[in-house]
Amino acid sequence: MSSGALQPIRGMSDITAPEIFLWQQLESTARKVLSAYGITELRTPIVEQTAVFLRSLGDTTDVVQKEMYRFEDRGGRDLALRPEGTAGIIRHIAGAGQEAQDARVYYIGPMFRAERPAAGRRRQFHQLGVEAMGAASPAADVEMIALQAHLLESWGIRNFVMQVNTRGVGEDHAAVAEGLRDALKPHLSELCEDCQRRFEENPLRIVDCKNPQCREIVSGIPAVTSFMSQESRDYLDEVLQLLQHLEIPAVANPTLVRGLDYYAHTVWEVTHSGLGAQDALSGGGRYALKLGRGAYEGVGFAIGIERIVAVLMGQGIDPATLAQPPRVWLVAQGEAAVLENMILMQSLRLRGISAMMDLRGRSMKAQLRAANKAGCPFVVIRGDQEMEQGTFQLKDMQEGSQTELAMPELLERLLART
RNA sequence: GUGGGUGUAGCUCAGCUGGUUAGAGCGUCAGGUUGUGGUCCUGAAUGUCGCGGGUUCGAGUCCCGUCACUCACCCCA
């Protein structure tokens, strides 16, 4: 708040308690689910050669053209902070041996895009993503969609909407653009300003324009899939059928568009009405991209963790309830007791019992208050009397009851209820 | 990058058309009980009113600039 203080840069923020408890819970839940699918973590560097992103994302996309944090290092190398996770994974696979061609990996961590922040959009944001290489079949796509639904459900996300579409094989992309231009040409002047620009640059984007008049026009032209090959249409049908068999709650949406150039065949997106204009919780698809000498095909998705957190908070989850208060708070009266409590505290901690004490020499009342505020179930009181007798008062903070114990019994009691 | 909204205590905010020493609630700390938390009562601390400039006898209040936050757009998680 004070202007003199250093603060994080725009669009990048500290994740603090209590929200961090929710983040940690999401991560540990996700790791369990992912292991059930035989998927292992792959941690790639946050910084890569810019070429990694240029080649895999396509150097005409906005993400690459104007949203990358790009810089030159001291050796004059052209580097960038990763704007998404797939490119780094593919870079790894391209450099690894033959067995990496069937990799099934996940990543979790920060991504960077130099955009103007808004609701659900940050310059540093976090994604959990999965990439499954090798198998190129509708079944592989459906497995990823199922996994995604599984993750969302395991986190307790309610009322998400999962939509599926196809972008068609690589050769279809040009045909779709051409077909759309032909169909839209008679209405060109009626389209919104943005769409008139998109007409040349990226006609596919017109299909999901939010402008009502554009929507009206789009609803009057043939579906995007009609410009695709039979192969592409059959592929999508198979995906949709499999989803039904697995009872995955996904619906076909022929106007669903996903931006990155590398998508081919199945694409999907999960949205939630509890978010702002950026209502996508996650998105994914099958992709084919070239890097170095190789061509790589895989299927994957990425989930925006900030948005998951936002939905859960909107559902009324209070992250503060996820805090783990210390099991016992040690209260001391007098310097000798402080020293002995330090020793006791250390030995409790070594046994795995979380313990805390006041280190500022405050009044007993203040120490109890701190214990209460922290939510400790137990307090051990070491006063002058107990020091003389070599005993401890063990206080149950919920009941308010208190018993005098010697060391062996005290340890027994504290360990017993862990 | 473009446009709108907002910046007052740690947090949430009030401060009417510019007028004396800038407020509340919550939180924090202390006391009420020199050995006992949660409830209650009492008291205390904390503000370059985002920053810079201008108008004025006088600016938290008006004007300009700037920075930050926020929302939307392009685009995207």
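Bear in mind that the values here come from a model prediction, so they are computed numbers and not experimental data.
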Calculate the interatomic distance between [X] atom [atom1] and [N] atom [atom2]; express it in whole Å.
X	N	atom1	atom2	result
F125(A)	C75(B)	CZ	C1'	12 Å
Q124(A)	A77(B)	CD	P	17 Å
F199(A)	C74(B)	CZ	C1'	20 Å

E178(A): what forms a side chain to side chain contact (heavy atoms under 4.5 Å, CB included) with it, not counting sequence neighbours? R181(A), D182(A)

Contacts of [X] that satisfy ring pair (Phe, Tyr, Trp, His ring centres under 6.0 Å) - sequence neighbours left out:
X	answer
F21(A)	none
Y287(A)	Y262(A)
W155(A)	none

Checking all strands, does Q367(A) fall into the base, sugar-phosphate, or nothing category for heavy-atom contacts under 4.0 angstrom? nothing

Would you indicate what R360(A) reaches in the nucleic acid, counting non-hydrogen atoms under 4.0 angstrom: base, sugar-phosphate, or nothing? nothing

From C-beta outward on Y263(A), which listed nucleotide comes closest to its side chain: C74(B), A72(B), A77(B)? A77(B)

Report the nucleotide, chosen from A77(B), C75(B), A72(B), that has the shortest atom-to-atom distance to any side-chain atom of R113(A). A77(B)

Results of salt bridge (Lys or Arg N to Asp or Glu O under 4.0 Å) for [X] - residues two or more places apart only:
X	value
E27(A)	R31(A)
R349(A)	none
D78(A)	R70(A)

Return the set of residues passing side-chain hydrogen bond (donor to acceptor under 3.5 Å, both in side chains) with D358(A) (not counting sequence neighbours), or none when no residue passes. R362(A)

Under 4.0 Å protein heavy-atom contacts per nucleotide of nucleotides 32-44 of chain B, with B for base, S for backbone only and - for none: B--BBBB------

5'-to-3' dot-bracket of RNA chain B (Watson-Crick, G-U; under 3.5 angstrom; crossing pairs as [ ]; | other strand): (((((((..((((.....[...)))).(((((.......))))).....(((((..]....))))))))))))....

Please write out the pairs of protein N or O atoms and N or O atoms of nucleotides 67-69 of chain B separated by less than 3.5 Å, giving the distance to one decimal.
from, atom 1, to, atom 2, distance (Å)
A68(B), OP2, R10(A), NH2, 3.2

With salt bridge (Lys or Arg N to Asp or Glu O under 4.0 Å) as the rule and sequence neighbours excluded, what pairs involving residues 382-394 of chain A come up? E340(A)-R382(A)

Side-chain N,O (R121(A)) to OP1/OP2 (U70(B)) below 4.0 Å: no

Considering only heavy atoms and no angle criterion, is a donor-acceptor pair shorter than 3.5 Å present between the side chain of E115(A) and the base of A77(B)? yes

Do F160(A) and H272(A) have ring centres separated by under 6.0 Å? no

